[in-house]
Number of protein chains: 2
Amino acid sequence: MLKYQQIASEIQQDIEKDDLPQGTKLPVLETFMSKYKTSKSTVIKALSLLERKGLVYQVRGSGIFVRRRNRKGYISFSNQGFSDELSEFDITAKVMELDIRKPPEDVAFNLKIHPKEDVYYVRRIRYINGQTLCLEESYYNKSIVTYLNTEIATGSIFDYISNALGVKIGFSDLYFHIQKLNQEEAQQLQLKKGDPKLFVETIFYLNNGVPFDFSKVTYNYQQSQFFFQSTGHSL
Amino acid sequence: MLKYQQIASEIQQDIEKDDLPQGTKLPVLETFMSKYKTSKSTVIKALSLLERKGLVYQVRGSGIFVRRRNRKGYISFSNQGFSDELSEFDITAKVMELDIRKPPEDVAFNLKIHPKEDVYYVRRIRYINGQTLCLEESYYNKSIVTYLNTEIATGSIFDYISNALGVKIGFSDLYFHIQKLNQEEAQQLQLKKGDPKLFVETIFYLNNGVPFDFSKVTYNYQQSQFFFQSTGHSL
DNA sequence: TTGATAAATTATAACGGTATAATTATAATG
DNA sequence: CATTATAATTATACCGTTATAATTTATCAA
């Protein structure tokens, strides 16, 4: 791990370990410099990383302070997309379908592939604390995600992709819609037709800009409590 | 404006002016260094800023590339919250209520003030392209936002706060919920009771960490198409 | 005590340099 | 021609320094 990431990680652990409350002032930069035996720029980078993660805020001329959320039970979605810090919740998944097929037109378009190229198709129901969280349909570019099976898809597909396949995940585009459930979705989520849903289409890209996953997710509105932290202009 | 912000702004304008397509490679760092007569670190800072804004992505060993969204008609919400780049849309507002009052318990809690301190209360309906976009209830800490009137609230309150009052806006916490409209909300949004809604509570903080605005917004689900770009882990 | 002024503290901007890691292009090899 | 090894390109990490801007604290005057 990079030095500034390591430092950021240690500072984060310290904050969480001591459960420092909102507004607590952290040591000054000089302290971190000598503590971690590194340069000022590296400390600044580490703290900027924590600021982007929403853990601290920095005030010029004053200091660096702890930033905390004040509500529990919300699924946080950071700049990495969702699924960060879901350790707080018990998330499981049931794989309904998994096969190799040719992509529909919209999928081919979003993955920037030819409609006759193969994709992995995965349909899952995900559960949070035993309740239905969402229906998920995902299409993976098979030339990048070369292999998948039900066992893998029952766990975290992304962990598998980044670890076993050594693929580097970069960024993603998310498109949110609020809609009404149709009959089929309602049945699978154990809700009623016409009930609200959050529908999210996401395109995931590798770090070199190549799209490798296009997914459509329908969320159970009863579980749809999300938390998002925005950070300042400059940083 | 700071040098790196200025450079970022100019690069952004170049990208938009020439309408550079996704994946276009930008000049190498050296080019920017000599073009803007500045150091490498400053160029890197400018480009990192653009990366966080979702305008470019950088690939080590390869180059810097243009990142573009591929759908129109979505309200983008960046790390500044919503309302960035809304120039694409025609947004108006009608002020329904505006007065000074004592905050309810939850508002006092989120603004971290005593329940007997004064707040400005503003209730607005906002329209997008002539259609109802959302109902908004906002509470402003009066000791920070010292004055408001209907004329100001008809426009952008945040522009007024940051320009006229010279207050520096920092970050914000957003809490999202998917729910059903009640009778009153449905009527105001010209929808039906039980229709879906996106309900967002937001706490806005000054750059020194003091909360100054707590708002509750109910979105018309028919207009609720949002776009969000996530950026990589490291950066 | 109050209010203004100055000094100290603190984070940030900006410079410029060396070293490193990832990618891409080129050359060598079979 | 395909594969492999090497070199060139390119962005990033990291160092250390000076200058600057915001804030806080201390000082002084009324």
Side-chain angles (χ1 to χ4, degrees), chain A residues 1-9 11 23-52 56-67 162 166-171 205-210 231-235, chain B residues 1-9 11 23-52 56-67 162 166-171 205-210 231-235:
Chain A
M1 198 191 295
L2 296 172
K3 198 165 185 176
Y4 79 94
Q5 291 175 329
Q6 181 62 38
I7 294 171
S9 162
I11 296 174
T24 305
K25 184 172 178 179
L26 295 181
V28 299
L29 290 184
E30 302 278 350
T31 311
F32 287 119
M33 285 170 67
S34 54
K35 176 171 183 184
Y36 296 109
K37 295 186 180 28
T38 186
S39 68
K40 185 175 293 189
S41 357
T42 303
V43 174
I44 289 175
K45 253 196 135 170
L47 288 165
S48 295
L49 181 57
L50 289 182
E51 185 160 24
R52 260 183 282 104
V56 304
Y57 59 93
Q58 297 171 263
V59 185
R60 189 172 188 168
S62 179
I64 302 155
F65 304 89
V66 173
R67 180 178 175 190
S162 46
V167 162
K168 285 171 201 158
I169 296 167
F171 48 91
Y205 299 81
L206 301 182
N207 71 338
N208 65 3
V210 175
T231 52
H233 18 33
S234 50
L235 116 127
Chain B
M1 198 190 298
L2 296 171
K3 198 165 185 176
Y4 79 95
Q5 292 175 331
Q6 181 62 38
I7 294 172
S9 162
I11 295 175
T24 305
K25 184 172 178 178
L26 295 181
V28 300
L29 290 184
E30 302 279 350
T31 309
F32 286 118
M33 285 170 67
S34 55
K35 177 171 182 184
Y36 296 109
K37 296 188 181 26
T38 186
S39 69
K40 185 174 290 189
S41 3
T42 303
V43 173
I44 289 175
K45 252 193 136 173
L47 288 165
S48 295
L49 180 57
L50 290 181
E51 184 160 24
R52 266 193 268 82
V56 304
Y57 59 94
Q58 298 171 264
V59 185
R60 187 171 188 168
S62 180
I64 302 155
F65 305 89
V66 173
R67 180 177 175 192
S162 47
V167 162
K168 284 171 201 158
I169 297 167
F171 47 90
Y205 299 82
L206 301 182
N207 70 336
N208 64 1
V210 175
T231 52
H233 17 33
S234 50
L235 118 127

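We name chains A, B, ... by the order of the sequence lines, and we start the count at 1 in each one. Bear in mind the structure is a predicted one, so any value in this text is a computation, not a measurement.
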Undergrad: Classify the nucleic acid contact of A:Ile44 as base, sugar-phosphate or nothing, counting any heavy atom under 4.0 Å across all strands shown.
TA: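 Base contact - A:Ile44 has a heavy atom under 4.0 Å of at least one base atom.
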Undergrad: Would one find a side-chain N or O of B:Lys45 under 4.0 angstrom from OP1 or OP2 of C:dA14?
TA: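 Answer no for this pair, as no side-chain N or O of B:Lys45 is under 4.0 Å from OP1 or OP2.
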Undergrad: In whole angstrom, what separates A:Leu47's CG from C:dT10's P?
TA: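 It is 14 Å, rounded to the nearest whole Å.
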Undergrad: Look at the side-chain N and O atoms of B:Tyr4 and state whether any lies under 4.0 Å from the OP1 or OP2 oxygen of C:dA13.
TA: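 Affirmative; the distance criterion is met.
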Undergrad: State, yes or no, whether a side-chain contact exists between A:Val43 and A:Lys40 at a heavy-atom distance under 4.5 Å.
TA: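 Contact flag for A:Val43/A:Lys40 side chains = no.
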Undergrad: Identify which one of B:Val59, B:Leu50, B:Val28, B:Val56 satisfies the side chain to side chain contact (heavy atoms under 4.5 Å, CB included) criterion when paired with B:Ile64.
TA: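 Exactly one candidate clears the test, B:Val56.
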Undergrad: Taking all non-hydrogen atoms of both residues into account, name the closest pair between B:Phe32 and B:Ile11 and its distance.
TA: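 Closest approach of B:Phe32 to B:Ile11: CE2-CD1, 3.6 Å.
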Undergrad: Counting just side-chain N and O atoms, does B:Thr42 come under 4.0 Å of either OP1 or OP2 of C:dC15?
TA: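 Indeed, a polar side-chain atom of B:Thr42 lies that close.
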Undergrad: Show the nearest heavy-atom pair for residues A:Ala46 and A:Ala8, with the distance to one decimal.
TA: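 Result for this residue pair: O-CB, 3.7 Å.
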Undergrad: In whole Å, what is the span from the CD atom of A:Glu30 to the P atom of C:dA8?
TA: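 Computing the A:Glu30:CD to C:dA8:P distance gives 16 Å.
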Undergrad: Rounded to whole angstroms, how far apart are NZ on B:Lys37 and P on C:dG16?
TA: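 Roughly 13 Å, once rounded to whole Å.
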Undergrad: Could you state the CE-C1' distance from B:Met33 to C:dG16, rounded to the nearest angstrom?
TA: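 Going from B:Met33 (CE) to C:dG16 (C1'), I get 8 Å.
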Undergrad: How does protein contact run along nucleotides 19-26 of chain D, one letter per nucleotide 5' to 3', with B for base contact, S for sugar-phosphate only, - for none, heavy atoms under 4.0 Å?
TA: -BBBBS--
Undergrad: Just the rounded figure in Å: distance from P of C:dA14 to CE of B:Met1.
TA: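 Interatomic distance, CE of B:Met1 to P of C:dA14: 12 Å.
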Undergrad: To the nearest angstrom, how far is A:Tyr36 atom OH from D:dC15 atom P?
TA: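 Atom OH in A:Tyr36 sits about 14 Å away from atom P in D:dC15.
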